[in-house]
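Read the numbers this way: they start at 1 and go in the same order the structure lists the ligands and their atoms.
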Amino acid sequence: MKKTSLKKLSLLVLGTAVLFCAGCSPFSSAATNTASAPVQQPAANTVQLKTKVLFINASRNREGNTEKMGERFLSGIDHDTLFLNDYKIYQLGQHFPDDQMATVLNAMEQADTIVIGTPVYWHTMSGPLKTFIDRLYELDRPLKALAGKKLYFLMQGAAPSKETLQHTPFILSRVASQYDMKYMGAATAPDNMADLQSVLRQNQ
Ligand SMILES: Cc1cc2nc3c(=O)[nH]c(=O)nc-3n(C[C@H](O)[C@H](O)[C@H](O)COP(=O)(O)O)c2cc1C
């Protein structure tokens, strides 16, 4: 066989192998993934709040129990909502150009009351909220975005353990004190918000 024909044959075999592998590789199954979970578009890099009260929802569900608890807690009070999952907040130590930690901080800076709501995952807050808190570590204090803001903490879970009910609000109270926020308290179930709601109303 001539040298050029051999080269063409090798290229054909190689090309067929590449095409076959592209179809069977787990890394090329975007079409399957897209069908079950639509690809999410990153949120804009600037957020303009319409109010001075910001509800940060750290749930993966836009209309889930955390959302319902937050809306009930804030009923009758004008507020903005920010879904943490809409923003790319990479892990502490990761530095990617499309990171949006600054966008979330900028939104917080515009508020004077911040309500953070999370579902209970594995006996504590959700991963996105934990990552957000970890990321504060690499920022200089005092942090303008947080200092002086009133912080209310909401959490709810299927059947949170007594340890969860104690230590998760404790973490948030520690964060508040580290970043010069005024910690106003926590509600740990939707039917257990009355006391914190009166604190909120007295402080609006
Ligand atoms: C990954 C994961 C872990 C969970 N771990 C707990 C848990 O440790 N304790 C608990 O009470 N509920 C746990 N739950 C249940 C959720 O907290 C509960 O369904 C909650 O209402 C979800 O809120 P959402 O509707 O805002 O997503 C877990 C749910 C998920 C998805």
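The nearest protein atom to atom 27 (O) of ligand 1, hydrogens excluded, is given as Asn61 ND2, 2.7 Å; this is a heavy-atom distance. Nearest non-hydrogen protein atom to atom 11 (O) of ligand 1 is Ala159 N, 2.8 Å. Among protein heavy atoms, the minimum distance from atom 5 (N) of ligand 1 is reached at Trp122 N, 2.9 Å. Looking at atom 24 (P) of ligand 1, its nearest protein heavy atom turns out to be Ser59 OG, 3.5 Å.
Judged by distance alone, the side chain of Arg135 and the main-chain N or O of Ile89 form no donor-acceptor pair under 3.5 Å.
One finds the CZ atom of Arg201 at 4.5 Å from the CD1 atom of Ile77 (value rounded to the nearest 0.5 Å). Here the OH-OG1 distance, from Tyr121 to Thr168, works out to 13.5 Å after rounding to the nearest 0.5 Å. With values rounded to the nearest 0.5 angstrom, Asp180 atom CG is found 9.0 Å from Leu143 atom CG. If you take CE on Met193 and CG on Asp191, they are separated by 8.5 Å, rounding to the nearest 0.5 Å. For the atom pair CG of Asn57 and CG of Leu154, the computed distance is 9.5 Å after rounding to the nearest 0.5 Å. The distance from the CG atom of Asp80 to the CZ atom of Phe55 is 12.0 Å, given to the nearest 0.5 Å.
Distances between N or O atoms of Tyr121 and those of ligand 1 include no value under 3.5 Å. Taking distance alone, with nitrogen or oxygen atoms compared against 3.5 Å, Pro119 stays at or beyond that limit from ligand 1. Considering backbone and side-chain N/O of Val120, one or more are found under 3.5 Å from N/O of ligand 1.
Relative to atom 8 (O) of ligand 1, the option among Met69, Gln156, Met155, His123 with the closest non-hydrogen atom is His123. In this comparison of Asn65, Leu165, Asn57, the heavy atom closest to atom 25 (O) of ligand 1 sits on Asn65. Of the candidates Gly64, Ala189, Ala158, it is Ala158 that places a heavy atom closest to atom 10 (C) of ligand 1.
No side-chain heavy atom of Ser173 sits under 4.5 Å from any side-chain heavy atom of Phe153. No side-chain heavy atom of Gln178 sits less than 4.5 Å from a side-chain heavy atom of Ile133.
Per-atom contact check: atom 19 (O) of ligand 1 does not touch the protein, criterion being a heavy-atom distance below 4.0 Å.
Contacts between Pro160 and ligand 1, counted as non-hydrogen atom pairs separated by less than 4.0 Å, involve both the backbone and the side chain. At a heavy-atom distance under 4.0 Å, no atom of Glu67 approaches ligand 1.
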